[in-house]
Amino acid sequence: MNTANINVMMLKTLKSLRETGSISRTAEQLHVTQSAVSHTVKALERTLEAPVVVRLPRGISLTDIGMAASESAIIALEAIDNILKLSSSALTGTVTIAAINCVSKQILAPVLASVQKAHPKIEINLLVGTDQEVENWVNIGLADIGIAYNMEPSASELLFDDEFYYITRYRHSKDTHVALTHLNNKPIIALSSGCELFIRDLFDQYDQQLVVKTTVSDSAALFSVVASGYGDSLVPGLAFPDDWQQLVSRQPVSPTLTCSLRLMCAKQQTSNDAVQVLVEEIRRAALDKKPK
């Protein structure tokens with residue numbers, strides 16, 4: 001028996017012949033000619049190497065092999081129908097995610113790849129801005145999901161607390177802490193993504209004076225600027241590129257300076273299945289990046 005020759009038309013013909021007992025009614029049901037049904041039956045019999053139908057004065061009757069084959073055909077067609085339903089029930093829609101620069105690189109990159117593979121019909125738009133812009137975009141409905149530092153706690157969930165590090169031009173690896181008092185009135189380069197505001201607040205808490213020498217919008221550019229020897233900086237752990245040890249030296253700050261990475265979902269999207277799929281993927285990706 002050559003199973004490679006069995007096709008969907010044969011399966012449908014077997015099912016219909018079982019139900020109608022008639023070549024003509026099967027042709028009507030399948031929207032083909034009676035000749036096409038007869039050719040399909042002959043092809044089935046060649047494939048099975050056995051008769052499938054017995055022609056009667058009025059209609060046809062399935063042989064034992066034909067009956068057994070029709071039962072399998074019904075099961076096979078149901079399986080095909082279930083497979084096709086998977087496509088029609090696949091998650092669809094457009095989801096807009098707003099995030100700060102380092103989040104888009106460190107957390108969202110693997111999330112987007114994973115969701116695209118599992119749910120190819122979900123279209124994802126990405127907005128990159130400052131912490132304040134991200135929170136505002138979610139609040140006004142421009143973004144469905146936002147990931148940024150220090151968003152309003154009552155309207156967001158904590159992913160993890162991130163620690164600020166003092167970075168200088170690469171010299172030798174340093175494990176010792178740098179005292180915050182040492183940074184008082186010391187000019188630094190700040191990320192303009194919103195970190196400057198958080199650092200200033202933290203300095204104020206300890207009655208220290210923050211002096212910003214210049215701001216840089218991109219974290220990768222900031223590390224290059226520090227590596228060139230232009231100045232030092234304070235950056236959160238998530239902003240560190242994989243090759244940072246080849247560029248800069250870093251030291252923890254004492255007392256520890258932290259900022260909270262938070263996830264916010266637009267209120268009107270909390271029941272959106274596509275949005276919730278992305279939220280779960282973001283939580284998993286953030287867990288992998290959570291400081292140990």
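Quick caveat: nothing in here was measured; it's all calculated off a predicted structure.
Taking the side chain as every heavy atom from C-beta outward, Lys290 and Leu159 never approach each other to under 4.5 Å. Contact annotation: the side chain of Val212 approaches that of Arg200 to within less than 4.5 Å [non-hydrogen atoms, C-beta and beyond]. Contact of the Ile107 side chain with the Leu238 side chain is registered, since non-hydrogen atoms from C-beta on lie closer than 4.5 Å. Under the 4.5 Å side-chain criterion, counting only non-hydrogen atoms from C-beta, Arg250 is not in contact with Val235.
Checked options Ile188, Leu234, Asp232; the residue passing with Leu183 is Leu234 (criterion: side chain to side chain contact (heavy atoms under 4.5 Å, CB included)).
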(request) Evaluate side chain to side chain contact (heavy atoms under 4.5 Å, CB included) for Arg283 paired with Val279, printing each intermediate quantity in order. (result) CA-CA 6 Å; Arg283 287 174 180 147; Val279 166; 3.4 Å; yes
(message) Test side chain to side chain contact (heavy atoms under 4.5 Å, CB included) on Val103 and Leu108; report intermediate values, then the result.
(response) CA-CA 6 Å; Val103 167; Leu108 289 184; 4.2 Å; yes
(request) Just do the salt bridge (charged side-chain N to carboxylate O under 4.0 Å, His left out) check on Arg18 and Glu71 with the steps written out, would you? (result) CA-CA 9 Å; Arg18 179 188 175 109; Glu71 291 174 0; 3.8 Å; yes
(request) Apply side chain to side chain contact (heavy atoms under 4.5 Å, CB included) to the pair Glu123 and Asn125, showing each step before the final yes or no. (result) CA-CA 7 Å; Glu123 181 180 342; Asn125 295 325; 3.9 Å; yes
(request) List the steps and the verdict of side-chain hydrogen bond (donor to acceptor under 3.5 Å, both in side chains) for Thr33 and Ser35. (result) CA-CA 5 Å; Thr33 64; Ser35 176; 4.8 Å; no
(request) Please test Phe198 against Leu191 for side chain to side chain contact (heavy atoms under 4.5 Å, CB included), starting from the C-alpha separation and ending with a verdict. (result) CA-CA 11 Å; Phe198 303 143; Leu191 275 172; over 6 Å; no
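Summarising the geometry of Thr168 relative to Val226, their closest heavy-atom pair is C-CG1, 3.6 Å, with the distance given to 0.1 Å. Pro291 and Asp161 make their closest contact through CG-O, 3.8 Å (heavy atoms, listed as atom of the first residue, atom of the second, distance). Asp131 approaches Ala148 most closely through the heavy-atom pair OD1-CB, 3.6 Å. Summarising the geometry of Ser156 relative to Arg262, their closest heavy-atom pair is OG-NE, 2.7 Å, with the distance given to 0.1 Å. The nearest pair of heavy atoms linking Leu14 to Ser70 is O-CB, 3.8 Å. Contact detail for Val53 and Glu45: the closest heavy-atom pair is N-OE2, 3.5 Å.
Panel note: side chain Ser228, backbone Val225; a donor-acceptor pair is recorded below 3.5 Å. Judged purely by atom type and a 3.5 angstrom limit, Thr63 uses its side chain to pair as donor or acceptor with the backbone of Pro51. Proximity of a side-chain donor or acceptor of Asp243 to a complementary backbone N or O of Gln246 within less than 3.5 Å is not detected. Proximity of a side-chain donor or acceptor of Asp162 to a complementary backbone N or O of Cys259 within less than 3.5 Å is not detected. Looking only at distances, a side-chain donor or acceptor of Ser104 sits under 3.5 Å from a matching main-chain atom of Asn101. Side-chain N or O atoms of Asn150 include one that pairs as donor or acceptor with a backbone N or O of Ser260 at under 3.5 Å. Under the 3.5 Å distance criterion, the side-chain polar atoms of Ser233 are matched with a main-chain donor or acceptor of Ile189. No donor-acceptor pair closer than 3.5 Å links the side chain of Asn136 to the backbone N or O of Gln132.
Note that the CG atom of Leu44 and the OG1 atom of Thr13 stand 7.0 Å from one another [nearest 0.5 Å]. A distance of 4.0 Å separates CZ in Phe223 from CD1 in Ile167, rounded to the nearest 0.5 Å. Note that the SG atom of Cys265 and the CD1 atom of Ile97 stand 10.5 Å from one another [nearest 0.5 Å]. Here the straight-line distance linking atom NE2 of His182 with atom CG of Leu180 works out to 10.5 Å at 0.5 Å rounding. Between atom CD of residue Gln106 and atom CG of residue Asp288 there is a gap of 12.0 Å, rounded to the nearest 0.5 Å. Put simply, OH on Tyr165 and OG on Ser249 are 14.0 Å apart, with the number rounded to the nearest 0.5 Å.
Donor-acceptor pairing under 3.5 Å is lacking for the side chains of Arg25 and Thr20.
Counting non-hydrogen atoms of other residues, nucleotides and ligands closer than 6.0 Å to CG of Asp64 gives a total of 12 or fewer.
Asp218 and Lys105 are joined by a salt bridge, as a carboxylate oxygen and a charged side-chain nitrogen come within less than 4.0 angstrom of each other.
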